[in-house]
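Quick note on labels: first sequence line is chain A, next is B, and so on, each numbered from 1.
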2 protein chains.
Amino acid sequence: MFPLGQRDERHELSDHFLALANVTRLRILERLGEVGEESVNDLAVYLHMSQPRISWHLRMLRVGGVVRTRRDGRQVYCSLDVESLARERARLDELIGIKERMKVRKEVGA
Amino acid sequence: MFPLGQRDERHELSDHFLALANVTRLRILERLGEVGEESVNDLAVYLHMSQPRISWHLRMLRVGGVVRTRRDGRQVYCSLDVESLARERARLDELIGIKERMKVRKEVGA
DNA sequence: TTATCCTATAAAGCAAGCTTTATGTTTCCA
DNA sequence: TGGAAACATAAAGCTTGCTTTATAGGATAA
């Protein structure tokens, strides 16, 4: 009945933006933007928050395609998933971009 | 102690992304992208949802700086707030963009 | 293997988002 | 001026997000 995947597309997109919709998580992203990569515990220390709390937010960020993690020994290092961020951003553009395209068409005169 | 406004900056940013973090609201945005502008009731009819429900989501979208509304007679017409969308996007870039800048510096050889 | 460090997950409780039903407000028309 | 149309807001209830406390899993070192 529907072009397959539209429903899940929107769910993934909303999950992505939900990951960005929290001050604590934005602070994590800001930190990762500064240092590039940091372990879970160091993040917790830096933000003065409990480790389970940070882990919980990191899960939201991972599910939302904002952060990726890499294991090295006992530590888990986190960094921004830049490619995924760009991909989700493009998805939103495609979702709402039709009006923009019409604007451009008008300007171009097509 | 802190550069004034950092706290509220992040709150506004999280409110913005919260506005995008819902399937119903994404469907509203998709519709507005197609038709450019539409009244509240027409949106409700199109999405097969109650009017208060749509009004509630539109409030989230307005607060988040995603949609703006214009009154014409009894109808309220909604459209995408493209400028605000771009502004919030730039804010996120600034928040997490430092790593990117370092990347560029490396490439440039600075 | 045992002990320890680092991280993830579970359970319980509180806070916030979301939906429905009902009602208030504004604008237009008869 | 009364009434209907379009939209917003309020209250109640349900769902989901979030935090804390406790515990389990995985990797290293002794």
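For B:Thr24, there are no side-chain hydrogen bond (donor to acceptor under 3.5 Å, both in side chains) partners at least two apart in sequence or on another chain. Judged as a salt bridge (charged side-chain N to carboxylate O under 4.0 Å, His left out), and not counting sequence neighbours, the contacts of A:Arg89 are B:Asp93. Applying the side-chain contact (heavy atoms from CB on, under 4.5 Å) test to A:Asn41 and every residue at least two apart in sequence or in another chain returns A:Ser39, A:Val45. The side-chain contact (heavy atoms from CB on, under 4.5 Å) search around A:Arg59 returns A:Arg62, A:Val63, not counting sequence neighbours. Shown here are the side-chain contact (heavy atoms from CB on, under 4.5 Å) partners of B:Leu85, two or more places apart in sequence or in another chain: A:Ile96, B:His16, B:Val66. A:Arg87 pairs by the side-chain contact (heavy atoms from CB on, under 4.5 Å) definition with A:Glu83, A:Ser84, not counting sequence neighbours.
In terms of modelled atom types and a separation under 3.5 Å, the side chain of A:Asn22 and the main chain of A:Arg25 share a donor-acceptor contact.
Where the helix from C:dT1-D:dA30 to C:dA30-D:dT1 starts and where it ends, the local axes point in directions that differ by 20°; five pairs per end, rounded to 10°.
Every pair passing salt bridge (Lys or Arg N to Asp or Glu O under 4.0 Å) that includes a residue from residues 38-57 of chain A is listed here, sequence neighbours excluded: A:Arg31-A:Glu38.
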All N/O pairs under 3.5 Å across the protein-nucleotides 27-30 of chain C interface:
from   : atom 1 : to      : atom 2 : distance (Å)
C:dC28 : O4'    : B:Arg74 : NE     : 3.4

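Taking 4.0 Å as the cut-off between side-chain N and carboxylate O, B:Glu30 and B:Arg27 do not count as a salt-bridged pair.
For DNA chain D, the span of nucleotides reached by chain B at under 4.0 Å from its heavy atoms goes, 5' to 3', from D:dA4 to D:dT9.
If you check residues 38-51 of chain B against DNA chain D, the residues with a heavy atom closer than 4.0 Å are B:Ser39, B:Val40, B:Asn41, B:Gln51, listed by number. Across residues 53-67 of chain A, A:Ser55, A:Arg59, A:Arg62 each have a non-hydrogen atom less than 4.0 Å from an atom of DNA chain C (numbered order).
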